[in-house]
Amino acid sequence: MPELPEVETTRLGLKPVLGQTVCSVNIRNPSLRLPVSAEISQLAGQSLLEIRRRGKYLLFRTESGWFLVHLGMSGSLRLAVAAEAPRKHDHILLELSEGLSLRFHDPRRFGLFLWLGGAVESHPLLTTMGPEPLSDSFTAEHLFKLSRTRSIPVKSFIMDNHVVVGVGNIYAAETLFYSGIHPLLPSRNLSITDCALLHTTIRHILGQAILRGGTTLRDFVNSAGNPGYFQQQLMVYGRESKTCRICGNQLHLLRIGGRSSVFCPSCQPVRP
DNA sequence: ATGGTGACCTGACCGC
DNA sequence: TGCGGTCAGGTCACCA
């Protein structure tokens with residue numbers, strides 16, 4: 001499910017929990033990508049002071065330290081009233097003051113819910129990540145420099161979290177379409193002009209998707225349980241064998257790095 | 001170092 | 001209605 005815009009949508013929607021105290025922690029199923037440690041129970045009695053996002057990770061600050069949440073492929077964080085019965089796959093419940101309940105829901109259990117303590121910046125999950133796409137540290141020159149030695153397809157390159165964080169399968173496909181670049185182009189063949197175009201497009205598309213509350217294909221819901229609306233303007237993702245919205249030719253499907261990759265052979269031609 | 005593949009897990013959907 | 005196959009928004013360990 002969630003790429004950067006969906007995670008940011010979740011973060012913005014959780015602002016009402018700031019300042020609230022965790023009354024109790026209920027771990028209903030600890031089997032996530034990494035086991036949920038009993039340390040998480042330390043959250044009881046702590047106030048939620050701040051929520052940051054780094055890539056697709058959400059970082060929650062409390063008085064005694066930080067905990068991290070990753071939504072994996074199918075995860076969501078939802079604010080419910082405490083009286084509501086937990087749903088299937090609601091794995092972790094944080095009962096808050098004022099009768100609310102913050103619920104981590106994740107059918108496929110690829111997500112993470114980890115206690116970090118004081119070591120936020122230095123955690124191995126966070127130290128090797130590339131720049132934030134919407135920050136000043138992400139530049140065309142950065143893309144150009146890293147791509148010089150890489151033969152992998154440009155689609156895999158922009159989805160690599162060491163290159164730039166937060167670009168998943170949907171937004172990678174859309175970025176390459178708007179940039180007019182074939183998804184299989186070897187990364188080292190990108191020109192500085194290509195990199196400038198990719199840089200601008202990534203920022204524009206992620207920004208637009210955040211404004212529309214993210215993309216809902218099957219099951220993404222924000223913290224209030226509502227879907228996003230960016231899917232209404234997808235140009236290629238999920239549209240294989242349909243016609244290109246620009247040129248009218250048929251869109252094609254490839255598998256790149258094990259991920260389905262739709263593109264327009266006319267708008268994104270193979271280069272000579 | 002780099003790149004390709006499988007693994008993790010459940011649910012939805014399709015064709016028979 | 002049921003069954004088996006396939007696919008899904010992410011990430012990492014493993015191998016060549």
Side-chain angles (χ1 to χ4, degrees), chain A residues 1-10 28-36 53-58 68-77 87-91 104-114 123-130 133 145-176 183-189 202 205-206 209-210 212-222 227-241 253-262:
Chain A
M1 166 205 68
E3 299 188 31
L4 186 146
E6 292 72 49
V7 178
E8 181 65 10
T9 296
T10 300
R28 304 176 74 227
N29 185 349
S31 306
L32 301 182
R33 197 170 96 215
L34 295 173
V36 179
R53 181 189 54 74
R54 178 76 174 97
K56 297 170 190 167
Y57 293 94
L58 287 170
L68 168 155
V69 177
H70 191 285
L71 302 177
M73 289 273 265
S74 58
S76 58
L77 277 172
R87 302 176 184 181
K88 191 177 183 183
H89 306 301
D90 279 351
H91 303 312
F104 177 78
H105 176 94
D106 187 7
R108 291 173 75 181
R109 292 191 275 118
F110 287 172
L112 286 177
F113 205 112
L114 293 179
H123 194 278
L125 281 172
L126 303 174
T127 52
T128 61
M129 300 171 69
K145 187 176 172 190
L146 288 191
S147 61
R148 293 309 81 195
T149 58
R150 309 296 301 276
S151 63
I152 53 169
V154 59
K155 176 155 182 277
S156 304
F157 180 69
I158 61 174
M159 288 178 68
D160 181 345
N161 282 341
H162 304 290
V163 174
V164 58
V165 298
V167 182
N169 203 31
I170 298 175
Y171 300 112
E174 296 298 302
T175 293
L176 292 169
L184 284 176
L185 181 76
S187 305
R188 62 159 67 101
N189 292 5
I202 286 171
I205 289 192
L206 293 179
I210 291 169
R212 282 163 182 70
T215 301
T216 295
L217 299 176
R218 273 161 287 277
D219 49 15
F220 173 72
V221 290
N222 64 21
Y229 292 95
F230 190 74
Q231 71 279 6
Q232 292 169 4
Q233 60 193 83
L234 293 177
M235 299 297 274
V236 287
Y237 183 88
R239 301 191 66 246
E240 61 270 23
S241 79
L253 174 68
L254 286 172
R255 285 200 89 75
I256 302 173
R259 315 299 295 275
S260 69
S261 309
V262 183

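Every chain is numbered from 1 and lettered A, B, ... according to where its sequence line falls, protein lines coming before strand lines. What you see is a predicted model, and the numbers here were worked out from it, not measured in a lab.
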### Query
Looking for any heavy atom pair under 4.0 Å, which part of the strands does L125(A) touch: base, sugar-phosphate only, or nothing?
sugar-phosphate
### Message
Can you see if the side chain of R255(A) gets near the phosphate of dT5(B) - specifically, an N or O under 4.0 Å from OP1 or OP2?
### Response
no
### Task
Would you please confirm or rule out a distance under 4.0 Å between OP1 or OP2 of dG3(B) and any side-chain N or O of S151(A)?
yes
### Query
OP1 or OP2 of dG11(B) sitting under 4.0 Å from any side-chain N/O of R108(A)?
no
### Query
For the residue pair F104(A) and F113(A), does the interplanar ring angle fall in the parallel (under 30°), tilted (30 to 60°) or perpendicular (over 60°) class?
perpendicular
### Query
If you look at every strand shown and take non-hydrogen atoms under 4.0 Å, does G258(A) touch a base, only sugar-phosphate, or nothing?
nothing
#### Entry: Spacing of the P atoms in dT11(C) and dA1(B) (rounded, Å)
22 Å
### Task
Establish, with yes or no, whether the OP1 or OP2 oxygen of dG9(C) is under 4.0 angstrom from a side-chain nitrogen or oxygen of K56(A).
no
### Message
Tell me whether the side-chain N/O atoms of H70(A) come closer than 4.0 Å to OP1 or OP2 in dT11(C).
### Response
yes
### Message
Applying a 4.0 Å non-hydrogen cut-off, can you work out what S31(A) is touching in the nucleic acid: base, sugar-phosphate, or nothing?
### Response
nothing
### Task
Would you kindly give the OH-to-C1' distance between Y171(A) and dA8(C), to the nearest whole Å?
15 Å
### Summary
When rounded to whole Å, the CG to P distance for the pair N161(A) and dC12(C) reads 7 Å
### Query
OP1, OP2 of dG9(C) versus side-chain N and O of R259(A): anything below 4.0 Å?
yes
### Separation of atom CD1 in I158(A) from atom C1' in dG10(C), rounded to whole Å
15 Å
### Pi stacking test for F110(A) and dC8(B): under 5.5 Å apart, planes under 30°
yes
### Summary
Between CG of L68(A) and C1' of dG10(C) the distance, given in whole Å, is 14 Å
### Task
Please determine which of R212(A), K56(A), R53(A) meets the salt bridge (charged side-chain N to carboxylate O under 4.0 Å, His left out) test together with E8(A).
R53(A)
### Message
Please tell me if H89(A) has a side-chain N or O lying less than 4.0 Å from either OP1 or OP2 of dC9(B).
### Response
no
#### Entry: Distance, rounded to the nearest Å, where E240(A) contributes CD and dC7(C) contributes P
11 Å
### Message
Let's test this: given Watson-Crick or G-U wobble pairing with both distances under 3.5 Å, identify the partner of dG2(C).
### Response
dC16(B)
### Distance in angstrom units between I256(A) CD1 and dG9(C) P, rounded
13 Å
#### Entry: Watson-Crick or G-U wobble mate for dC15(C), both contacts under 3.5 Å
dG3(B)
### Query
What does S156(A) touch in the nucleic acid at a heavy-atom separation under 4.0 angstrom: a base, only the sugar-phosphate, or nothing?
nothing
### Nearest non-hydrogen partners of R33(A) and L125(A), listed with the distance
NH2-CD2, 4.2 Å
### Message
If you compare all heavy atoms of D106(A) against all heavy atoms of S74(A), which two are closest, and at what distance to 0.1 Å?
### Response
OD1-OG, 2.6 Å
### Task
Please figure out whether K88(A) or R33(A) has its closest DNA chain B nucleotide nearer the 5' end.
R33(A)
#### Entry: Distance, rounded to the nearest Å, where L71(A) contributes CG and dA8(C) contributes P
20 Å
### Summary
To the nearest angstrom, the CG-P distance between L234(A) and dA8(C) comes to 15 Å
### Query
Under 4.0 Å: is that the gap between some side-chain N or O of S74(A) and OP1 or OP2 of dG10(C)?
no
### Message
Show, in sequence, the C-alpha distance, side-chain angles and deciding distance for L253(A) and S260(A), and conclude whether the side chain to side chain contact (heavy atoms under 4.5 Å, CB included) test is met.
### Response
CA-CA 7 Å; L253(A) 174 68; S260(A) 69; 3.7 Å; yes
### Query
side chain to side chain contact (heavy atoms under 4.5 Å, CB included) between L146(A) and F157(A): does it pass, once the steps are laid out?
CA-CA 9 Å; L146(A) 288 191; F157(A) 180 69; 4.0 Å; yes
### Query
Within the pair N169(A) and dG10(C), is there a side-chain N or O less than 4.0 Å away from OP1 or OP2?
no
### Message
Can you give me the closest heavy-atom contact between N169(A) and M159(A), atom names plus distance?
### Response
N-CE, 3.5 Å
### Message
Once hydrogens and angles are ignored, does a donor-acceptor distance under 3.5 Å link the base of dC9(B) to the side chain of R109(A)?
### Response
no
